[in-house]
Amino acid sequence: MQLKSLATAVLALSAALVGASASADTLKFGKSEDAVKYRQSSLFVMSQHFGSLGAMANGRAEFNADLAKQNGAVLETIAALPWQAFGAGTEGGKTKPEAWSQKAKFDEHANKFVAEAGKLAAAAKTGDLAQLKAAFGPAAQTCKACHDAFRNR
Ligand code: ASC
């Protein structure tokens, strides 16, 4: 009985971790341009949901707990997606070559962002503006750090 609930808990935890991993790898891209389009599109959609949370966190928009919760959930889901579209042979777009030549560092940035996006989504779920505010800055910092290192201006 206890062992069974432990096993269930472990399974649920692994599922949660897989869901939050930056290596969600559900696609093979036929063409390099498709990978570029995919990562730009998913990053764009993500930025819109992230921006909505930022507007509430920074007081540019009225806080709406329901909206924050929904945007957090979408953000967390999409946060796992772009990274699979930076595979070998897909160099280009706005990304510096260092994303491929320093792949371990790139992956570390992506993983940090995914972790912070998860924390931001969790904060949004609480319905507490103070928690949203506290989680937003560190998440935005992980966007910026990766852009500074790996995105062309
Ligand atoms: C956004 C967005 C980014 C990040 C970055 C955070 O909303 O589109 O690229 O936040 O500005 O520093």
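Leu75 and Met56 end up in the same hydrophobic cluster when Ile, Leu, Val, Met, Phe, Trp and Tyr side chains are linked at under 4.5 Å. Residues Val114 and Leu53 share a hydrophobic cluster, clusters being chains of Ile/Leu/Val/Met/Phe/Trp/Tyr side chains in contact below 4.5 Å.
Although no hydrogens or angles enter the test, the distance criterion places no donor-acceptor pair under 3.5 Å between the side chain of Thr126 and the main chain of Ala122. Glu76 places no side-chain N or O within 3.5 Å of a backbone atom of Val74 that could act as its donor or acceptor partner. Judged purely by atom type and a 3.5 angstrom limit, Asp128 uses its side chain to pair as donor or acceptor with the backbone of Ala130.
Between Glu116 and Lys119, at least one side-chain nitrogen of the basic residue sits less than 4.0 Å from a carboxylate oxygen of the acidic one, meeting the salt-bridge criterion.
The two residues Ala57 and Phe136 have their closest heavy-atom pair at CB-CB, 3.8 Å. Looking at every heavy atom in both residues, Gly127 comes nearest to Ala65 through CA-CB, 4.1 Å. Closest approach of Ala79 to Ala117, counting heavy atoms only: CB-CB, 3.8 Å. Smallest separation of non-hydrogen atoms from Ser52 and Asn71: OG-ND2, 2.8 Å. The two residues Ala123 and Ala135 make their nearest non-hydrogen contact at CB-CB, 3.7 Å.
Between Gln84 and Tyr38 there is a side-chain heavy-atom pair separated by less than 4.5 Å. Contact of the His109 side chain with the Thr142 side chain is not registered, since no non-hydrogen atoms from C-beta on lie closer than 4.5 Å. With contacts defined as side-chain heavy-atom distances shorter than 4.5 Å, the pair Phe50/Leu120 qualifies. A 4.5 Å side-chain heavy-atom check between Gln40 and Lys94 finds at least one atom pair inside the cut-off. Here the side chains of Asp148 and Arg153 are in contact, with some heavy-atom distance below 4.5 Å.
In the displayed structure, Lys96 atom NZ is contacted under 6.0 Å by more than 12 heavy atoms of other residues, nucleotides or ligands.
To the nearest 0.5 Å, the span separating OG on Ser42 from CG on Leu81 amounts to 6.0 Å. Atom-to-atom distance recorded for His147:NE2 and Leu43:CG is 6.5 Å, nearest 0.5 angstrom. One distance of note links OG of Ser101 with CZ of Phe150; it measures 7.5 Å at 0.5 Å rounding. The NZ atom of Lys69 lies 11.5 Å from the CG atom of Asn64; values are rounded to the nearest 0.5 Å. Considering CD of Gln141 and CZ of Phe113, their distance stands at 13.0 Å, rounded to 0.5 Å.
Aromatic ring pairs are classed by plane angle as parallel below 30°, tilted from 30° to 60° and perpendicular above 60°; the pair Phe86 and Trp100 is tilted.
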Next item on the list: Apply the test side chain to side chain contact (heavy atoms under 4.5 Å, CB included) to residues Phe29 and Thr90: give CA-CA distance (whole Å), side-chain angles for both, the deciding distance (0.1 Å), then the verdict.
Entry: CA-CA 9 Å; Phe29 296 95; Thr90 68; 5.8 Å; no

